[in-house]
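All chains are named by letter (A, B, ...) in the order of the sequence lines, taking the proteins before the strands, and each is independently numbered beginning at 1. Model, not experiment: these values are computed from the prediction.
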2 protein chains.
Amino acid sequence: MSEEEYLKNYNIHDYDIPLSTVDMAIFSLIEGELNILLVRRKQQPCKGMWALPGGFIDLALDKTVDDAAQRKLQEKTGLKSAYLEQVETIGSPSRDPRGWALTVLYFALIDITKINDNELEENTKWLSVRDLDQTKLAFDHNLIVHKALDRLRAKACYTALPIELMPSEFTLSELQAVFSTILNREFQAKSFRQRVLSAKMVEETGKSKISGKRPAKLYRSTEIDRDTYFSRPLLDKGS
Amino acid sequence: MSEEEYLKNYNIHDYDIPLSTVDMAIFSLIEGELNILLVRRKQQPCKGMWALPGGFIDLALDKTVDDAAQRKLQEKTGLKSAYLEQVETIGSPSRDPRGWALTVLYFALIDITKINDNELEENTKWLSVRDLDQTKLAFDHNLIVHKALDRLRAKACYTALPIELMPSEFTLSELQAVFSTILNREFQAKSFRQRVLSAKMVEETGKSKISGKRPAKLYRSTEIDRDTYFSRPLLDKGS
DNA sequence: GCAATAGTGTCTCTTAGACAGTATGCG
DNA sequence: CGCATACTGTCTAAGAGACACTATTGC
């Protein structure tokens with residue numbers, strides 16, 4: 001049989017295949033806390049429960065899996081661009097009552113100041129990651145949100161990824177506070193500044209932020225930051 | 001409508017969903033070279049071409065995606081255990097002529113001395129990764145094998161992962177040679193030994209390997225190696 | 001002894017962390 | 001001025017790389 005004949009007779013609906021979704025762990029910083037976006041499920045299954053934003057890959061709309069993630073991000077936040085990274089794909093027959101379900105988990109880091117509150121859909125809320133363990137989410141979302149968090153924390157140890165959570169201009173004290181929040185440890189101002197400056201992860205804007213006390217220089221992120229590593233990792237194995 | 005009613009009426013075959021596969025980049029060391037396992041496709045599509053081992057997730061056999069990867073590994077190599085890591089999930093409407101196809105890519109690191117050659121299926125071969133670019137593989141497998149290689153190389157910069165390619169006992173000179181092969185750079189014996197020993201990635205067996213010249217101490221991998229980081233990465237950004 | 005491979009002593013350089021000290025704003 | 005926050009000077013310690021050196025085998 002030729003490939004052509006084979007394809008003519010091939011019908012995907014003849015096979016049992018998993019249902020395929022994308023789930024998004026969308027993180028932002030609100031009042032110094034790491035938050036994650038949740039949506040209340042409007043439809044069965046798990047109707048009424050809080051869940052990660054996500055949904056089926058749309059074979060007509062999505063040219064890649066990343067496209068599906070991008071589309072979900074835009075549907076829920078209105079944002080066309082943000083840092084997006086695939087974390088892991090999880091599948092099992094028991095995680096969705098409809099059957100063997102496979103989901104591609106992404107995390108997104110967004111600058112909360114870019115969000116118009118009126119662009120947020122109804123039945124949508126930000127939850128501090130501190131409160132995650134007291135919140136029962138739909139499906140296995142409690143589990144997978146931790147996978148996304150673990151990835152974010154791991155990457156924060158050796159890259160400047162948390163910069164993606166910042167507004168376009170920020171002070172180094174603010175950035176240091178963000179790393180402290182994510183990694184749950186304190187840093188010395190001297191060595192923190194040395195790290196991010198010598199790795200050229202940020203550059204001066206020339207402007208300053210006047211906030212009552214001594215003005216702080218404002219920085220912006222450079223282009224080269226996503227896969228720029230610290231010369232030594234911010235070891236955090238202990239905590 | 002209750003969840004129960006909803007599920008009763010739900011039929012996955014009513015929807016257009018991607019076909020879902022697992023692909024395996026199985027690496028081993030043969031004569032000091034990193035090799036990858038390829039199989040010649042027995043069936044349409046791409047019949048007769050060399051491809052990564054892989055196949056459909058079997059909803060009856062596989063309880064997780066990792067199970068599917070594990071099953072494929074065993075079918076092709078006979079190995080029940082090996083280091084297995086999910087790399088990335090790739091999907092698009094064009095990568096498989098049968099339709100929108102989603103594949104979960106894994107890499108496996110195996111100790112070649114554990115393979116019985118007669119357990120290898122027919123139409124299976126090891127290819128040196130050096131020769132990959134001269135070999136046209138089925139589907140987008142040239143592309144995705146590079147994703148697996150990139151992951152392996154990135155992890156070799158900061159973890160002891162290449163130990164998984166070694167036999168159960170090995171000398172530090174041999175291990176150093178493996179890192180050199182993978183990362184394509186030389187290392188100083190002094191600092192290399194210092195790194196792996198101080199990170200407690202290996203321990204002495206008490207035995208020695210007599211290979212003509214001065215005997216070399218034999219080491220085995222410790223339990224803690226997979227996510228143990230070097231205190232500073234083996235920077236390799238240049239090459 | 002010699003060749004070859006295994007493994008070490010020691011110096012230098014870079015960088016993280018500690019911590020005290022200086023700088024610059026406001027009231 | 002005092003206070004708070006921003007930022008720096010300087011010392012110490014750890015670890016990586018360079019490289020010469022020693023160690024242990026077979027022949």
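- Contact record, A:K72 with A:G54: CD-C, 3.6 Å, taken as the closest heavy-atom pair.
- For CD of A:E186, the number of neighbouring non-hydrogen atoms (other residues, nucleotides, ligands) closer than 6.0 Å is 12 at most.
- For A:F187 and C:dC19, the CZ to P distance is 17 Å, given to the nearest whole Å.
- B:S173 has no side-chain polar atom (N or O) that falls below the 4.0 Å cut-off from OP1 or OP2 of C:dT5.
- No hydrogens or angles were tested; on distance alone, a donor-acceptor pair under 3.5 Å links the side chain of A:R214 to the base of C:dA23.
- Summarising the geometry, the separation between CD on B:Q188 and P on C:dT10 is reported as 17 Å, rounded to the nearest angstrom.
- Among the nucleotides C:dA16, D:dC7, C:dT14, the one closest to any side-chain atom of B:R232 is C:dT14.
- In this structure, NZ of A:K217 is placed 11 Å from C1' of D:dT8, rounded to the nearest angstrom.
- The base of D:dG17 does not come close enough to the side chain of B:K190 for any donor and acceptor atom to sit less than 3.5 Å apart.
- Within 4.0 Å of A:A216, counting heavy atoms only, lie sugar-phosphate atoms of the nucleic acid but no base atom.
- Proximity of B:R193 to the phosphate of C:dG7: a side-chain N or O atom is located under 4.0 Å from OP1 or OP2.
- Put simply, NZ on A:K213 is 8 Å from P on C:dG27, counting in whole angstrom units.
- Rounded to whole Å, atom P of C:dA16 lies 11 Å from atom CG of A:L197.
- Mapping A:S191 and B:L172 onto DNA chain C by nearest heavy atom places B:L172 at the nucleotide closer to the 5' end.
- Aromatic ring centroids of A:Y158 and A:F230 lie 6.0 Å or more apart.
- At C:dT15, none of the side-chain N or O atoms of A:Q194 fall inside 4.0 Å of OP1 or OP2 (strictly under the cut-off).
- For A:Y219 and A:F170, the gap between ring centers reaches or exceeds 6.0 Å.
- When each of C:dC26, C:dA16, C:dT24 is scored by its nearest atom to the side-chain atoms of A:R195, the top-ranked nucleotide is C:dA16.
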